2 protein chains.
Amino acid sequence: MVDSAALAGFAGLLADQTRAAMCLALLNGKPWTMGQLAKHAGVAPSTASAHLTLLVAGGMLADEHKGRHRYLRLADRKMAGLLEDILSHIDSVEPKAAMARARTCYDHIGGELGVAISDAMLRQKLIVDSGFALTKDGLAWLEQVGVDVAALQATRRTLARPCLDWTERRFHLAGAAGAALCRTAFDSGWIERTKSERALRLTPAGTAAFAGLLGVTPESLS
Amino acid sequence: MVDSAALAGFAGLLADQTRAAMCLALLNGKPWTMGQLAKHAGVAPSTASAHLTLLVAGGMLADEHKGRHRYLRLADRKMAGLLEDILSHIDSVEPKAAMARARTCYDHIGGELGVAISDAMLRQKLIVDSGFALTKDGLAWLEQVGVDVAALQATRRTLARPCLDWTERRFHLAGAAGAALCRTAFDSGWIERTKSERALRLTPAGTAAFAGLLGVTPESLS
DNA sequence: GCGACGTTTCGTTGACGGCCGCAATATCGG
DNA sequence: CCGATATTGCGGCCGTCAACGAAACGTCGC
């Protein structure tokens with residue numbers, strides 16, 4: 001039996017807006033330094049340091065001292081998953097047009113939606129299994145979607161690569177192509193940001209678009 | 001920014017031990033009255049009333065006025081599911097700072113440490129397989145550890161019995177001997193309480209002691 | 001209607017926690 | 001070694017919130 005003190009103590013870690021903001025910032029899976037988090041949360045470094053010490057002691061975060069920096073990240077994937085569970089529950093109070101837990105991972109689409117898209121692209125041989133490199137069909141498909149492939153190839157950035165999602169433990173499409181696809185999805189009104197600035201909502205238009213382009217059905221996202 | 005406020009607000013509902021105790025009590029799915037919850041949480045009715053109003057306003061609980069009673073229950077099944085998710089995560093995170101998932105089970109040692117100790121005692125025939133009764137060697141071993149066996153036998157309490165651990169689904173030593181062993185371990189500095197008051201931390205001295213007395217190695221606790 | 005009981009509101013008290021600035025410590029670059 | 005940068009520790013201030021008792025309110029049983 002988990003006693004009330006343990007539950008209250010754990011919840012107390014997130015019950016402060018400053019600490020909550022820090023944990024949310026770390027949801028992208030990348031380590032931040034103490035100073036970055038302090039600035040992000042809008043508090044003095046000394047204040048942030050105390051908060052982060054609390055969060056680490058409470059098992060929410062893990063830290064690593066490297067030189068004069070203290071890098072912080074979520075303790076593990078399970079913690080990231082729990083945070084997202086809580087967030088999705090909070091979000092679910094409002095209209096639930098979103099049928100999937102989707103979110104941006106830096107500049108590309110992550111979460112279940114990202115994995116579903118990548119799965120479908122693999123199935124249709126638009127990308128290859130190893131390294132997620134785009135096939136000829138994949139390049140053509142991107143053009144059809146509305147991406148300026150030539151412009152992408154002009155940059156030095158890797159065109160397509162896999163990115164491991166925290167909670168899904170699955171790969172999804174990243175790289176220049178992933179970012180371009182995400183931008184197109186926004187521009188076309190297929191996805192839009194929720195208030196949380198991190199979560200995505202798949203619009204009805206987006207549902208139709210992904211169904212037509214990839215055969216991704218709403219059921220495959222549940 | 002807006003998101004962190006929502007998260008902090010929600011977590012804040014559970015961040016108080018009194019409110020946490022109330023929510024835990026409601027996890028059985030049955031409605032409780034205000035007075036019952038007040039007594040259960042150990043606070044005055046006026047205090048409990050304020051807390052429950054908060055929890056209802058925050059969407060965690062639902063209430064229903066019937067006559068002169070106010071019946072409270074979790075808002076919905078999803079909320080109950082979320083609570084259980086959080087609790088299960090806490091269970092796996094709580095002992096993270098310790099080298100083993102140890103905890104007290106009433107007055108004796110439970111968790112992985114308790115199971116490991118009992119396993120070792122079985123292996124060394126200090127207790128018998130059925131009923132965990134102490135053997136002659138077991139009584140001598142307890143004396144060696146520093147337990148006043150004669151004093152234990154003077155009480156009416158069962159000397160040794162098995163206790164089924166919640167999460168391990170394995171038996172560990174309980175009864176007067178289990179309690180005495182736990183007390184000795186505290187007094188000798190082999191184990192100490194973490195802040196959570198429920199989890200235990202095995203000290204280096206404890207690691208050495210259990211290794212010498214039972215051949216229990218840290219590896220067997222992982 | 002009249003107590004008995006459960007609940008709520010109000011006002012007060014006291015403790016805890018977040019915040020800052022400043023000083024101290026540790027590391028990196030030159 | 002020195003200045004710059006990053007982080008931590010220490011006081012002290014201030015707002016917030018949980019706690020209580022007393023009193024008011026509403027309901028039930030007789």
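Quick caveat: nothing in here was measured; it's all calculated off a predicted structure. Proteins come first, then strands; the chains are lettered A, B, ... in the order of their sequence lines, and each starts at number 1.
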Name each donor-acceptor pair under 3.5 Å that joins a side chain in residues 14-23 of chain B to protein atoms two or more places apart or in another chain, with its distance.
{"unit_1": "Asp16(B)", "atom_1": "OD2", "unit_2": "Thr18(B)", "atom_2": "N", "d": "2.9"}
{"unit_1": "Asp16(B)", "atom_1": "OD2", "unit_2": "Arg19(B)", "atom_2": "N", "d": "3.1"}
{"unit_1": "Arg19(B)", "atom_1": "NE", "unit_2": "Leu13(B)", "atom_2": "O", "d": "2.8"}
{"unit_1": "Arg19(B)", "atom_1": "NH1", "unit_2": "His51(B)", "atom_2": "ND1", "d": "3.0"}
{"unit_1": "Arg19(B)", "atom_1": "NH2", "unit_2": "Gly12(B)", "atom_2": "O", "d": "3.0"}

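- As a whole-Å value, the separation of Leu13(A) CG from dG18(C) C1' is 15 Å.
- Nearest approach of Arg161(A) to Phe132(A), heavy atoms of both residues: C-CB, 3.9 Å.
- End-to-end axis angle of the helix from dG1(C)-dC30(D) to dG30(C)-dC1(D), using five pairs per end and rounding to 10°, comes to 40°.
- Residues Leu72(A) and Val56(A) have side chains in contact (heavy-atom distance under 4.5 Å, counting atoms from C-beta outward).
- Chain A approaches DNA chain D within less than 4.0 angstrom (heavy atoms of the protein), and the contacting nucleotides run 5' to 3' from dA4(D) to dG9(D).
- For Asp129(A), the CG atom counts as loosely surrounded, since its 6.0 Å shell holds 12 or fewer non-hydrogen atoms of other residues, nucleotides or ligands.
- Between Trp190(B) and Val145(B), the closest side-chain pair of non-hydrogen atoms falls below 4.5 Å.
- The closest side-chain heavy-atom distance from Thr184(A) to Asp187(A) is not below 4.5 Å.
- Taking 4.5 Å as the limit, some side-chain heavy atom of Leu82(B) sits within range of a side-chain heavy atom of Phe10(B).
- The residue among Thr47(A) and Thr47(B) whose nearest nucleotide of DNA chain C lies closer to the 5′ end is Thr47(B).
- Near-neighbour residues of DNA chain C inside residues 33-44 of chain B, defined by a heavy atom below 4.0 Å, number-ordered: Thr33(B), Met34(B), Gly35(B).
- Taking the side-chain contact (heavy atoms from CB on, under 4.5 Å) definition, one finds that Ala80(B) meets it with Leu27(B), Leu74(B), sequence neighbours left out.
- Between the C1' atom of dT7(C) and the CG atom of Leu72(B) lies a distance of 11 Å, rounded to the nearest Å.
- A search for side-chain contact (heavy atoms from CB on, under 4.5 Å) contacts involving Gln144(B) returns Trp141(B), Leu213(B), not counting sequence neighbours.
- Note on Thr53(A): nothing from the nucleic acid sits closer than 4.0 angstrom, heavy atoms only.
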Name the pairs: protein N/O against N/O of nucleotides 22-30 of chain C, kept only if under 3.5 Å.
{"unit_1": "dC28(C)", "atom_1": "O4'", "unit_2": "Arg68(A)", "atom_2": "NE", "d": "3.4"}

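- When the side-chain contact (heavy atoms from CB on, under 4.5 Å) test is applied to Ala38(A), the partners found at least two apart in sequence or on another chain are Ala48(A).
- Mapping Pro45(A) and Arg19(B) onto DNA chain D by nearest heavy atom places Pro45(A) at the nucleotide closer to the 5' end.
- With a 4.5 Å cut-off on side-chain heavy atoms, Leu7(B) and Ile90(A) count as touching.
- For the pair Leu52(B) CG and dT9(C) C1', the computed distance is 15 Å after rounding to whole Å.
- Applying the salt bridge (Lys or Arg N to Asp or Glu O under 4.0 Å) rule to Arg70(B) yields the partners Asp63(B); only residues at least two apart in sequence or on another chain are considered.
- Between Arg70(B) and dG6(C), a side-chain N or O to OP1/OP2 separation shorter than 4.0 Å is absent.
- Listed by chain and number, the residues in a side-chain contact (heavy atoms from CB on, under 4.5 Å) with Ala44(B) are Ser46(B), Thr47(B) (sequence neighbours excluded).
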